[in-house]
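Comments concern the structure below.
FYI, the numbering just counts along the sequence from 1.
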Amino acid sequence: MIIIIMGVSGAGKTTIGKLLANSLDWEFSDADAFHSPENVEKMRCGIPLTEADRIPWLHDLQIAIKNWLLENKSMVLACSALKESYRQFLVVDSERIKLVYLKGSYELIQKRLQERHNHYMSEKLLDTQFNTLEEPLDTLYIDVIETPQIIVQNIRTSLGI
């Protein structure tokens, strides 16, 4: 199984993803690691990515996901996956890939981004993130107001793992 932890920057995808993977003794990967240096620099400067910027990134992610499935790896992937089209591109096997949407208010996410250090994703891009977000319809929604440990337990209980 692959669990994709999705949501806007600052929702806690990496924190929750790592905790969840550790609790399950699975591997963890962060979609941020698949971005080109050019994309990272744009985001560091507060410049939103274009669709053209995202295409190679999504393609590389899809290849990784297909390989993990072929290798029968149990993985947790932190990935914004803000648009439905991105999620459709990444969920190549709906039986073995589960989406978990970390949902939080603009104010809570903004506060988290202001407190975050040493990350390239600028708080200036938060408006773009929320404007781009197409909330999923049939996905597990998890409120990020809870502590990370409770969030991980809620995910495990909801997915039965």
* Check for a donor-acceptor pair, side chain of Asn131 on one end and backbone N or O of Asp127 on the other, with a separation under 3.5 Å. => yes

* Hey, are the side chains of Leu20 and Arg156 touching, using non-hydrogen atoms and a 4.5 Å cut-off? -> yes

* Asked: Is any side-chain heavy atom of Phe34 less than 4.5 Å from a side-chain heavy atom of Ser29?
  -> yes

* Using the rule that two of Ile, Leu, Val, Met, Phe, Trp, Tyr join whenever any of their side-chain heavy atoms come within less than 4.5 Å, decide whether Ile55 and Leu49 are in one cluster. => no

* Asked: So do the side chains of Thr139 and Val100 get within less than 4.5 Å of each other, counting heavy atoms only?
  -> no

* Asked: Sequence neighbours excluded, which residues qualify as side-chain hydrogen bond (donor to acceptor under 3.5 Å, both in side chains) partners of Lys66?
  -> none

* **Lys13 side chain reached by Cys79 side chain, heavy atoms, under 4.5 Å** => no

* Calculate, to the nearest 0.5 Å, the distance between atoms CD1 and CG belonging to Ile63 and Leu58 respectively. => 11.5 Å

* **Arg87 CZ to Leu99 CG distance, which is reported to the nearest 0.5 Å** => 7.0 Å

* Asked: Got a donor-acceptor contact below 3.5 angstrom from the Trp68 side chain to the Met1 backbone?
  -> no

* Are Ile47 and Leu126 connected in the hydrophobic side-chain network, where two residues link if heavy atoms are under 4.5 Å apart? -> no

* Would Val144 and Leu159 show up in the same hydrophobic cluster when neighbours are defined by side-chain heavy atoms closer than 4.5 Å? -> yes

* Side chain of Gln129, backbone of Ser9: donor and acceptor closer than 3.5 Å? -> yes

* Asked: Say you draw a straight line from CD1 of Ile150 to CD1 of Ile142; how long is it, rounded to the nearest 0.5 Å?
  -> 11.5 Å

* Asked: Which word best sums up how the rings of Tyr141 and Tyr101 line up, parallel for under 30°, tilted for 30 to 60°, or perpendicular for over 60°?
  -> perpendicular

* Structure fact -> In this structure, OG of Ser36 is separated from CZ of Arg54 (nearest 0.5 Å) by 12.0 Å

* Main-chain N/O of Ala33 paired with Asp30 side-chain donor or acceptor, under 3.5 Å -> no

* ILVMFWY network linking Ile161 to Ile5, side-chain heavy atoms under 4.5 angstrom -> yes

* Structure fact -> When rounded to the nearest 0.5 Å, the distance separating CG of Leu61 from CD1 of Ile4 is 8.5 Å

* Has the side chain of Glu27 got a donor or acceptor atom that lies under 3.5 Å from a matching backbone atom of Ser74? -> no

* Asked: Should the pair Lys83-Glu135 be classified as a salt bridge under the 4.0 Å nitrogen-to-oxygen rule?
  -> no

* If we only count heavy atoms from C-beta on, is the Asn72 to Arg96 side-chain gap below 4.5 Å? -> yes

* To do: Report the relative orientation of the aromatic rings in Tyr106 and Phe130; use parallel for angles under 30°, tilted for 30 to 60°, perpendicular for over 60°.
  => tilted

* **Test: Lys42 and Asp53 ion pair at under 4.0 Å** => yes

* To do: Flag yes if more than 12 heavy atoms outside Asn67 fall under 6.0 Å of its CG atom; otherwise flag no.
  => yes

* Count the heavy atoms belonging to other residues, nucleotides or ligands that lie under 6.0 Å from CD of Glu95, then report whether that count exceeds 12. => no

* Asked: Measuring from Leu137:CG to Glu84:CD, what's the distance to the nearest 0.5 Å?
  -> 6.5 Å

* Would Tyr86 and Glu51 count as a side-chain hydrogen bond (donor to acceptor under 3.5 Å, both in side chains) if you check the C-alpha gap in whole Å, the side-chain angles of each, and the deciding distance to 0.1 Å? -> CA-CA 10 Å; Tyr86 306 163; Glu51 292 300 308; 2.6 Å; yes

* More than 12 heavy atoms from other groups under 6.0 Å of NZ on Lys18 -> no

* Asked: Of the non-hydrogen atoms in Ala31 and Trp57, which two are nearest, and what is the gap between them?
  -> O-NE1, 2.9 Å

